[in-house]
Amino acid sequence: MAALDGLPPLREVIATHGLSAKKALGQNFLLDLNLTAKIARQAGDLTACDVLEIGPGPGGLTRGLLASGARRVLAVEKDARCLPALEEVAAHWPGRLTVLNADALEVDPLAHLTPPIRVVANLPYNVGTELLVRWLTPAAWPPVWSSLTLMFQREVADRIVARPGSKAYGRLALLAQWRCEARIVLTLPPEAFTPPPKISSAVVHLTALPEPRFPADPQVLSRLTAAGFNQRRKMLRAALKGMHPRMEALLEEAGIDPTRRAETLSLEEFCRLARVVADAG
Ligand code: SAM
């Protein structure tokens, strides 16, 4: 029986095209089109947007995005075995789906799209964090994309939305929350995927803020959070020692007790410290 969009069900697509999942490519497929439509809805109104999807695989989420009315979808897939299945989807939605057979780490697909741009993906676990960090650190802010709706392992999703004082709080939380609104919008058990991974997953929706929540030089902030969390059990005066000869005094100047640990500092405090460090030269 055909699915609601008139294309064959995903199990049939996988069987027809011999798309047995490859672990090395992080292939855990979503075969329930109701679920992929639900994920597409988390991205907001797509009708006036270009959408970038990384790793369409057999096309479940791609179909959800197109059925949700995305103006155009650019899907970047590394596994050439998926191309015939994706061509069928493209033929079904003429002029709206472009498939790029490439490694998402080696191309800059955002450059080919017209704003407003939303990124929506069930990311391969092995490259998910790397791609997120790249999207969060463009040359200029605001970025060309307006939102990211991304599936991660639950543990990574928790690190993105973590608050100070929690175990998951660290560099990723600060990077994401400095210039974005980030929240978990959906959690999925392993059984939602074929084959099921060992762990649960979650969809995080990040909206780009027009400007950072607090002013800070991105490089200084990045160096501070790297040094602070690389030795997260250490007091800041020890963990940050290598950053400036007068670090302890600079911490005091920023109103931060040098005996505190990085995991207790709020985003605002990190940004304040970054400004004091930058001014100290
Ligand atoms: N979107 C599909 C779904 O939801 O069922 C598949 C998701 S699966 C978790 C990840 C997909 O990313 C796979 O199709 C895999 O081949 C692809 N992939 C893995 N590494 C990639 C890379 N570096 N660049 C582009 N695609 C990649």
Side-chain angles (χ1 to χ4, degrees), residues 35-56 61-62 64-76 104 108-123 127-164 166 168-188 201-216 218 221-222 225 266-268 270-271 274:
L35 187 55
T36 61
K38 190 170 174 185
I39 296 168
R41 281 199 299 277
Q42 305 304 319
D45 183 3
L46 300 178
T47 50
C49 295
D50 277 10
V51 176
L52 170 63
E53 185 193 2
I54 305 297
L61 182 55
T62 321
L65 294 166
L66 289 161
S68 301
R71 177 173 66 191
R72 192 180 154 216
V73 176
L74 173 59
V76 181
D108 180 16
L110 285 171
H112 302 288
L113 298 175
T114 309
I117 300 168
R118 293 186 188 273
V119 181
V120 188
N122 174 10
L123 289 173
V127 294
T129 315
E130 163 96 38
L131 286 170
L132 173 65
V133 169
R134 288 189 193 187
W135 289 323
L136 291 174
T137 52
W141 199 268
V144 287
W145 51 266
S146 43
S147 68
L148 310 172
T149 307
L150 307 170
M151 177 94 68
F152 291 100
Q153 294 141 281
R154 179 68 209 248
E155 173 261 329
V156 178
D158 286 342
R159 285 202 280 129
I160 296 168
V161 303
R163 297 291 173 199
S166 66
Y169 185 60
R171 295 182 70 185
L172 201 54
L174 287 155
L175 180 62
Q177 295 171 34
W178 181 39
R179 301 191 284 196
C180 292
E181 184 70 50
R183 60 200 168 88
I184 292 179
V185 289
L186 209 60
T187 53
L188 280 91
S201 301
V203 177
V204 183
H205 183 69
L206 298 112
T207 315
L209 297 171
E211 54 188 65
R213 287 180 205 274
F214 309 101
L221 187 59
S222 165
T225 54
S266 66
L267 173 61
E268 185 172 14
F270 263 113
C271 291

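Numbering starts at 1 and runs along the sequence shown. Keep in mind that what you see is a predicted model, and the values were worked out from it rather than measured.
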Engineer: Under the ring pair (Phe, Tyr, Trp, His ring centres under 6.0 Å) test, which residues partner F152, sequence neighbours left out?
Structural biologist: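 Residues passing ring pair (Phe, Tyr, Trp, His ring centres under 6.0 Å) with F152: none at all.
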Engineer: Where do P142 and P210 come nearest, in terms of heavy atoms and distance?
Structural biologist: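 Where P142 meets P210 most closely, the heavy atoms are CD-O, 3.6 Å.
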Engineer: Any side-chain heavy-atom pair from T225 and L175 closer than 4.5 angstrom?
Structural biologist: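 Result no, sub-4.5 Å side-chain heavy-atom pair not found.
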Engineer: First locate atom CG of L150, then atom CD1 of I54, and finally report the distance between them rounded to the nearest 0.5 Å.
Structural biologist: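 Answer for the CG-CD1 pair, L150 versus I54, is 9.5 Å.
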Engineer: Can you find a pair of side-chain heavy atoms, one from L132 and one from L123, that are under 4.5 Å apart?
Structural biologist: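 Answer no - side chains too far apart.
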Engineer: Under a 4.5 Å cut-off applied to non-hydrogen side-chain atoms, are V144 and L113 in contact?
Structural biologist: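 No; the side chains remain at least 4.5 Å from each other.
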Engineer: State the OG1-CZ distance between T129 and R171, to the nearest 0.5 angstrom.
Structural biologist: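 Nearest 0.5 Å value for the OG1-CZ distance: 12.5 Å.
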Engineer: To check you understand the geometry: which heavy-atom pair defines the closest contact between S68 and T47, and what is its length?
Structural biologist: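 Shortest heavy-atom separation between S68 and T47 comes out as O-CG2, 4.2 Å.
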Engineer: Taking the side chain as every heavy atom from C-beta outward, state whether V120 and E53 have any pair of such atoms under 4.5 Å apart.
Structural biologist: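 With C-beta onward as the side chain, the pair stays apart.
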Engineer: Nearest 0.5 Å, please: how far is CG in L65 from CZ in R41?
Structural biologist: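 Between R41 CZ and L65 CG, I get 12.0 Å after rounding to 0.5 Å.
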Engineer: Scan the side chains in residues 178-188 for donor-acceptor partners under 3.5 Å anywhere in the protein, sequence neighbours excluded, and list what turns up.
Structural biologist:
| from | atom 1 | to | atom 2 | distance (Å) |
| --- | --- | --- | --- | --- |
| W178 | NE1 | F214 | O | 2.8 |
| R179 | NH2 | L136 | O | 3.0 |

Engineer: If I take atom CD from residue Q42 and atom CD1 from residue I39, how far apart are they, to the nearest 0.5 angstrom?
Structural biologist: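 Between atom CD of Q42 and atom CD1 of I39 there are 8.0 Å.
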Engineer: Sequence neighbours left out, what pairs pass side chain to side chain donor-acceptor pair (under 3.5 Å) with at least one residue falling in residues 138-154?
Structural biologist: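 Qualifying pairs, neighbours excluded: R118-S147, T149-H205, R154-D158.
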Engineer: How close do A202 and A157 get, counting heavy atoms only, and between which atoms?
Structural biologist: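 Distance-wise, the nearest heavy atoms are CB-CB, 3.7 Å.
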Engineer: Shortest non-hydrogen contact from A40 to L46?
Structural biologist: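 Of all heavy-atom pairs spanning A40 and L46, the closest is O-CD1, 4.1 Å.
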Engineer: Answer yes or no: is there a donor N or O on one side and an acceptor on the other, between the side chain of N122 and the main chain of M151, under 3.5 Å?
Structural biologist: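 Such a contact is absent between N122 side chain and M151 backbone.
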Engineer: What's the separation between atom CG in L66 and atom CZ in R72, rounded to the nearest 0.5 Å?
Structural biologist: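 Answer rounded to 0.5 Å: 11.5 Å.
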Engineer: Is a donor on one side and an acceptor on the other found under 3.5 Å between the side chain of S222 and the backbone of P218?
Structural biologist: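 No, because the side chain of S222 does not come within donor-acceptor range (under 3.5 Å) of the backbone of P218.
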Engineer: Under the criterion side-chain contact (heavy atoms from CB on, under 4.5 Å), I'd like the reasoning laid out for L131 against V119: C-alpha separation, chi angles, the key distance, then a yes or no.
Structural biologist: CA-CA 11 Å; L131 286 170; V119 181; over 6 Å; no
Engineer: Are the side chains of V156 and V204 in touch, meaning some heavy atoms are under 4.5 Å apart?
Structural biologist: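 No, side chains not in contact.
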Engineer: Would you compute the distance between atom CG of L110 and atom CG of L52 and round it to the nearest 0.5 angstrom?
Structural biologist: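 One gets 5.5 Å once the value is rounded to the nearest 0.5 Å.
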Engineer: Using a cut-off of 6.0 Å, state whether more than 12 heavy atoms not belonging to R163 lie near its atom CZ.
Structural biologist: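 Open: at most 12 neighbouring heavy atoms sit under 6.0 Å from CZ of R163.
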Engineer: Quick check: closest heavy atoms across H112 and L74, and the distance to 0.1 Å?
Structural biologist: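 Closest heavy-atom pair between H112 and L74: CB-CD2, 4.2 Å.
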Engineer: Taking all non-hydrogen atoms of both residues, which atom of R71 and which atom of T114 are closest, and how far apart?
Structural biologist: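 Taking R71 first and T114 second, the nearest heavy atoms are NH2-O, 2.9 Å.
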